[in-house]
Amino acid sequence: MPATITFYGGLGEIGGNKILLEDKGTKVFLDFGKSFSARSRFYEWTERPRQANGIGDFLALGILPDIKGIYRRDLLQLANIPVEEDKSVNSVILSHAHADHADYVSFLRDDIEIWMGETTNHVIKAIEQEKDSNIEYEITEFKERPIDRKQPPIERRVKTFRTGKKITIDSIEIEPIHVDHSLPGCYGFVIRASSGTLVYSGDLRMHGTRPDLTTDFVNKAREAKPDMMLCEGTRINDTTSSNENSVYETCFKFAKQANDRDLFVFADYSYKDIDRFQTFYKLAKNSNRKILVTPKTARYLARLAENDPELAKVVPKPDDEFIGIYKHRAKSGSYADKDYDQYDLESFKQSNVWTYKDVQASKSKVIVALGAYHLQELIDLNPGNGIYMHSSSEPFNEEGEVDEARTNNWIERFGMVKVHAHCSGHASSVDLNYILDQIKPKLIIPIHTEHPEFFRTFRGVEALTLAEPLKPISIL
Ligand SMILES: [Zn+2]
């Protein structure tokens, strides 16, 4: 029996990667992410499936695949679904910490090994530590807590890797190789199974700050002479090229203008994207402003820097002179200590804390980088005139859905002008073509794209299979 792959998500959609690799009875999932498209078919972004029915609503609506034996007992029992423990799924290998690749791990049995890059582990931990405080940056639907709160928190069997380490799971050998993407610690994989070699791209790009990482992956993948490649195609129909520097240049032009005219600046980008944070940090420094972030973002940066020596070199400390923490009004509206959770209170002990009144008094001294999930702060901030620097993708970013029309209403209502400056975490079609021409897989299966058929025109593609969900494909 040859090794096979079966898709439980990630085909014909951007995100939701859940790919089962099976070899001689060993089952390994490549990513186990949230499908925004499946979820948004039934729910608004802010709506949640009923927690009272455990995993039941997710399965009934097809937001999660119905696979026996892999899900948590407590979530199944709550939905009155018989618990069948098929222990043959041993492991999940995560390519990176974006929601559409990692978030639904929280539904899985806790004895399943979760392999991830060391930095991914730090990123997930940094986000997870916030889980009890607020749902806004929640990593998972159910968070990593048992339904019965008297039970201890779920301890996952996390195992980490770096480039150069090879993971052996029975007959499968997995070689992770770093790639550049819009988040630290991302990987692609060369996977050697008993019947053939598979390459999995994860999410990647060539135009970011570290194209050398992706080049390493491409070289390793080419040397492996893969029988099959699962290749992301998020931007298969997009040839535009912009990079982190062009984002900076555009924003700097407008920041200068804002300085000349004493204007407010609001920034909206993915808080997990360290490259983008650095771009805005540099923008703040060079336009003589401070970048104001949420306490959560400040803690995220601090934790990454604490745990990862590589990131510590590039991430400034939260008490840096060009960084400020924005203190929002909560519950009582009067900044009482009881209004905030312990994490926020701790963050507000720093000296560089700004309230909306501080911002009003020094509008042209700050870049308020709270993002689209905190537009309501504009009511307090009352910017008058200003520039809204929109620096993420639409309508789906890698964390969720933001309603563009509604965001625009807020921007307009508060007299701001929107400037769009973004560079994607995903390779353009030109770069995808280059990557495939280099690797030359015998067979390519497009994933993470709404237009798999566009791969047909590419050089380096000998054969293309438009895979179907739940139909195993042999790796030969
Ligand atoms: Zn991603």
Side-chain angles (χ1 to χ4, degrees), residues 7 9-19 29-40 92-106 114-124 126-127 137-140 176-189 199-211 213-214 217 229-236 238 242-244 247 269-277 300 304 311 371 391-402 422-429 431-432 435 446-450:
F7 291 90
L11 288 178
E13 62 175 332
I14 294 173
N17 284 28
K18 291 185 259 327
I19 304 155
F29 264 104
L30 308 175
D31 287 331
F32 207 83
K34 176 190 273 191
S35 166
F36 296 125
S37 57
R39 197 183 186 286
S40 66
V92 177
I93 314 276
L94 296 184
S95 60
H96 61 290
H98 273 145
D100 57 338
H101 292 255
D103 265 18
Y104 281 176
V105 158
S106 62
I114 315 291
W115 285 90
M116 60 183 84
E118 281 175 20
T119 303
T120 296
N121 193 24
H122 298 314
V123 170
I124 287 178
I127 305 161
Y137 289 149
E138 177 180 317
I139 175 171
T140 59
I177 305 123
H178 48 218
V179 294
D180 189 42
H181 182 44
S182 49
L183 179 84
C186 302
Y187 287 84
F189 302 93
V199 166
Y200 174 41
S201 67
D203 286 352
L204 47 68
R205 64 178 172 185
M206 302 289 297
H207 60 270
T209 53
R210 294 295 307 272
L213 302 182
T214 304
F217 166 73
M229 177 168 177
L230 313 180
C231 186
E232 75 119 318
T234 314
R235 291 179 62 216
I236 189 75
D238 182 355
S242 56
N243 55 40
E244 217 44 60
V247 172
Y269 60 86
S270 160
Y271 81 102
K272 288 183 196 167
D273 184 346
I274 294 297
D275 292 337
R276 192 58 42 83
F277 169 76
Y300 173 74
L304 285 189
L311 289 172
S391 194
S392 59
S393 54
E394 306 167 311
F396 290 116
N397 65 29
E398 253 123 343
E399 313 307 330
E401 187 182 11
V402 173
H422 178 56
C423 95
S424 171
H426 302 275
S428 69
S429 71
D431 289 341
L432 283 171
I435 289 168
I447 54 168
H448 211 276
T449 175
E450 290 167 349

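Each ligand, and each atom within it, is numbered from 1 in the order the structure gives.
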- The NE2(His96)-the Zn ion (ligand 1)-OD2(Asp203) angle, to 10°, is 90°
- What atom name does the N, O or S atom of His98 nearest to the Zn ion (ligand 1) carry? ND1
- Item | Metal site the Zn ion (ligand 1): N/O/S of His181 inside 2.8 Å | yes
- Item | Under 3.5 Å donor-acceptor, Thr120 side chain and Met116 backbone | no
- Taking atom types as modelled and ignoring hydrogens, do the side chains of Tyr200 and Asn17 form a donor-acceptor contact shorter than 3.5 angstrom? yes
- Side-chain (Glu450) to main-chain (Ile14) donor-acceptor, under 3.5 angstrom: no
- Apply the test salt bridge (Lys or Arg N to Asp or Glu O under 4.0 Å) to residues Arg205 and Asp180: give CA-CA distance (whole Å), side-chain angles for both, the deciding distance (0.1 Å), then the verdict. CA-CA 6 Å; Arg205 64 178 172 185; Asp180 189 42; 3.1 Å; yes
